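To start, the structure itself, in C-alpha cells.
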Amino acid sequence: MAIGRRAVLGVAAAGPLALPAIRARAQAAGVKIGLVAVQTGPQAALGTQLRDGFLQGLKHTGGKLGGLPAEVVMIDDELRPEVAVTKVRAALERDKVDIVAGVVFSNILAAIMRPVTETNTFLISTNAGPSTFAGRGCNPYFFTTSYNNDQVHSVMGQAATDSKYGRVFVMTPNYQAGRDAAAGFKSRFKGEVVDEVYVPLNQLDFSAELAKIAASKPDAIFTFMPGGLGVNLVRQYRQAGLASIPFLSTFTVDEATLPAQGEAAVGFYSAAPWAPNMDNAANRRFVADFEAAYGYVPGSYAAQSYDAVLLLDSAIRKTGGSLADKDGLRAAIRAAEFQSVRGNFKFGANHYPVQDFWLCQVAKRPDGKFQTETVRKVLENDTDPWAAECRMR
Amino acid sequence: MTAQLLLVQALNGLQFGILLFLVAAGLTLVFGVMDVINLAHGVQYMLGAYLGASLAAATGSFWLGLLLALPATLACGLLLELLVFRHLYDRDHLAQVLATFGVILTLNEAVTLLWGSAPLQVATPALLEGGVTLMPGLQYPLYRLAILAAGLATAGLLWLLVEHTRAGALLRAGASNRPMLAALGVDTGRLFLLVFGLGAMLAGFAGAMAAPILSVEPGMGDSVLILAFVVIVIGGIGSVRGAFLAALLVGLVEVLGRSLLPDLMRLVLAPSPARQAGASIGSMLVYIAMALILAVRPRGLFPARAG
C-alpha cells in the first residue's frame with residue numbers, strides 16, 4: 001500500500017517560498033535537478049539507495065555539475081504514477097528544474113516520460129530501464145545510466161547456458177515484469193525449462209513452490225523476486241534445504257535486500273553490470289566514501305545514480321555550462337566522457353548503455369556485511385536487443 | 001504430482017492456515033465482541049514483528065524477544081484503544097474504517113521513521129535450526145513445525161478461555177447480544193479494553209512468530225489483513241472456532257489451488273496459457289471459495305451473533 005506524504009521535499013532550500021527574484025538569479029547561476037525517488041511504502045529502501053548514490057556523486061563533484069552550483073529537488077513518487085506526474089509537473093513548472101533524474105520503477109518512468117520530454121527537458125533514468133523506450137519509443141531527451149531490464153534477465157540465461165545447466169525451474173511473479181523476466185531468461189537459455197511457475201505479487205509463503213522445486217529436481221532455478229518477495233523466498237529456500245540447487249536470480253539478492261537476507265543468501269547468484277567489489281579506482285573511492293557517509297553497502301541503484309551525476313558533470317562542463325543549448329547538451333551527454341564505477345560505459349544509439357554484464361554471487365565480507373561480488377564476465381559490450389528499432393528523431 | 005508431494009502440499013496448506021489463524025483470532029474477537037471493524041489489526045501484527053525483532057536483537061535471544069514482545073504489543077493495543085478505538089464504538093462502520101485506516105497510515109510511517117524502510121533480518125532461533133526431511137531433497141524446517149505447535153496451543157488456550165472461564169462467558173455474551181450484556185450491569189468499557197488488548201497481543205504474537213520466515217518490512221500487515229478478513233468472514237464473525245476451521249480451509253485452498261491448478265489446467269490448455277491462467281485463477285480461488293460459502297451460509301460457518 002503506497003502511503004504518502006504530500007510534500008515535495010527540498011534537500012536544499014527550494015520551492016515555493018523562495019522569492020522570484022532570488023530564484024531567477026539562482027537559476028541563471030546554477031543547475032536544478034528534480035530527483036525522483038520513492039520514499040514511501042515498502043519499496044522506499046530502493047529510493048533511498050538511489051537518492052544517497054546521487055548525493056554522494058554531488059559530494060565528489062563539490063556540489064557542482066560542470067562548474068555550476070547544483071541544487072536537488074527531491075520528488076517522492078510514492079510508487080503511484082498519478083502522484084509522480086503531478087509532482088514532476090510541479091517541479092518543472094514551479095521549481096523550474098533543468099533536468100529530471102532518478103526513478104526506480106518502470107511504471108513511474110512510463111508515467112512521467114511525456115510530461116518531462118515534451119517540455120524539452122532531459123530525463124536521466126538511473127534505474128528504470130524498460131524496453132518500451134529502447135526501441136521504437138526511444139526519445140532524444142531520454143537517457144538511462146542503468147540497463148535494459150530484458151538484458152539483465154538474458155544475462156542470467158546466458159550464464160545458465162555457460163554453466164551447462166540442462167534443466168532449470170523458472171519462477172517469477174504474475175505480472176508484466178515477471179513475465180518479461182521469464183522471457184528474457186529463456187531468450188539466451190539453451191537448456192530445458194522444467195516448469196514455469198507464476199506466483200501472486202503479494203505472496204508470503206513459498207512452501208508450495210519449494211515443494212514443487214524439490215520434486216522436479218532441477219539443475220538450477222531462475223527467479224526474479226524484487227523486494228520483500230525476495231526476502232521471503234531466499235530465507236525459505238535456505239530453510240527448506242534447497243540451497244544445494246543453484247539459485248540464479250535477477251533483482252532478488254542485492255544490497256537493498258541483503259541486510260534482511262543475510263547468511264541465507266550467501267552463495268546465491270545475480271546478474272548485474274556492476275558490483276561493489278569491482279576493482280577500479282573510481283569504484284573503490286565511491287564505495288568507500290558512500291559507506292563512510294551512509295553506513296550501508298551501496299547497491300546498483302546507488303552506483304547508477306552516482307554515475308548519472310558524473311555523467312551530467314562531464315556533459316555540462318563540455319557545453320561550458322550552457323543548459324539552453326539542448327542539442328549541444330545532448331551530444332555532450334551521449335559522449336559519456338566520465339569515469340564510470342563500472343569501468344566500461346558508453347551509450348548506444350537508443351541512449352541505453354552498451355556495457356559488460358557480470359555473473360555475481362553473494363558473499364559475506366570480513367566486516368560482517370553482505371554484498372554481491374563479480375564471479376565472471378558473461379557478456380561484453382552488450383547492446384540491448386531493442387536498439388536496432390530505435391529511430392532517434 | 002505424486003501422492004507424497006500432495007501430502008507435503010497439504011501440510012504446507014495447514015501450516016499457512018495456522019499462521020492465518022494466529023492473525024485472525026484477534027481480529028474475530030475484536031470484530032465479533034466489539035462490532036468494530038479494525039483495519040489496524042494488520043499493523044498490530046507488523047508491530048509485533050518489529051518489536052519481536054528489535055527486542056530479540058537487544059536481548060540476544062529470540063525467545064526473550066518473543067516473550068517481551070507480548071506485553072509490548074499489549075501495551076500498544078491498550079494505548080490505541082484509549083486514544084482511538086474508545087471513541088469509535090458508537091460510530092458507524094464507515095467512521096471506523098476511516099479512523100482505523102488512518103491508524104494504518106500513521107503506524108506504517110512511524111515504523112519507517114523508527115526502523116527505516118529496508119526489511120529487517122530475524123534469525124531462526126538456534127534451537128529450531130534445521131528440519132526434518134519430508135521427501136527427497138526437501139527439508140521441512142523445524143521452525144515451521146514450531147509455528148504449527150504455537151498455533152494449535154493458541155487455539156487450545158483460546159478455547160479454554162472462551163468456553164470455560166467467566167471472562168470467556170462475557171466474551172460470548174458480548175458477541176451474541178451486546179445491549180443485553182450492558183443491561184445486565186457488565187462494565188462493557190472494561191471488557192472492550194480487555195478484548196482489544198488481547199486482540200492486539202494475539203496479532204503481535206503472530207507477527208513475532210512469523211518474523212523469521214517472512215520479510216519484516218513496513219506494510220507487511222496489509223497483505224495478511226485481507227486474508228485474515230476472509231478467514232473471519234468465512235468462519236462467522238466473533239467465533240474463534242469458526243476462525244480456526246476457516247483459517248485451515250483458506251490455507252489449504254490457497255496452497256493446494258496454487259500448486260495444483262496450473263497442472264490441472266494443462267489437461268485442457270496449452271502449457272503456456274495453462275500456467276498463467278492457473279496462476280491467476282489459483283490466486284482468486286480463496287475469494288471464490290468465500291463467495292460460495294457465503295452464498296450458502298451468509299453469516300459464515302459458525303455465526304456467533306444471536307438473532
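A note on names: the letters A, B, ... follow the listed sequences, proteins ahead of strands, and every chain is numbered from 1. Note that the structure is predicted; figures quoted are calculated from it, not measured.
Of the options A:V234, A:T257, A:N232, a side-chain contact (heavy atoms from CB on, under 4.5 Å) to B:S215 is made by A:N232 and by none of the others.
Of the two parts of B:A211, only the backbone, made up of N, CA, C and O, holds a non-hydrogen atom closer than 4.5 Å to a non-hydrogen atom of chain A. Residue A:Q43 does not touch chain B at all, counting heavy-atom pairs closer than 4.5 Å. When heavy atoms are compared at a cutoff of 4.5 Å, B:P218 approaches chain A solely by way of its backbone atoms N, CA, C and O. At a 4.5 Å heavy-atom cutoff, the contact between A:Q261 and chain B is made by backbone atoms alone. In this structure, chain A has a heavy atom under 4.5 Å from the side chain of B:V8, while its backbone stays farther away. At a 4.5 Å heavy-atom cutoff, the contact between B:Q15 and chain A is made by side-chain atoms alone. Contact of B:L214 with chain A is made through backbone and side chain together, with heavy-atom distances under 4.5 Å.
Ionic pairing of A:D205 and B:R144 is present here: one or more N-O contacts between side-chain nitrogen and carboxylate oxygen are shorter than 4.0 angstrom.
In this structure a side-chain-to-backbone donor-acceptor pair under 3.5 Å is present from A:R235 to B:P212. A:Q236 places a side-chain N or O within donor-acceptor distance of the main-chain N or O of B:I213, the cut-off being under 3.5 Å.
Of all heavy-atom pairs between A:Q239 and B:P141, the closest is O-CG, 3.5 Å. Contact record, A:A208 with B:R258: CB-NH2, 3.7 Å, taken as the closest heavy-atom pair.
The OH atom of A:Y198 sits 7.0 Å away from the CZ atom of B:R275 when rounded to the nearest 0.5 Å.
Counting heavy-atom pairs closer than 4.5 Å to chain B, the top residue among A:A45, A:S207, A:G230 is A:S207. Between chain A and the options B:S283, B:A123, B:A279, the largest number of non-hydrogen pairs under 4.5 Å is found for B:A279. Ranked by non-hydrogen atom pairs under 4.5 Å with chain B, the options A:A256, A:A260, A:G47 are led by A:A260. Residue with the most contacts toward chain B among A:Q49, A:K217, A:R179: A:R179 (heavy-atom pairs, distance under 4.5 Å).
B:S259 and A:E209 are not linked by any side-chain donor-acceptor pair at a separation below 3.5 angstrom, with hydrogens and angles left out of the test. With 3.5 Å as the limit, one finds a donor-acceptor pair spanning the side chains of B:S280 and A:N174.
Side chains of A:L242 and B:Q139 form no contact here, defined as non-hydrogen atoms less than 4.5 Å apart. Side-chain contact between B:L138 and A:K212 is absent, with no heavy-atom pair separated by less than 4.5 Å.
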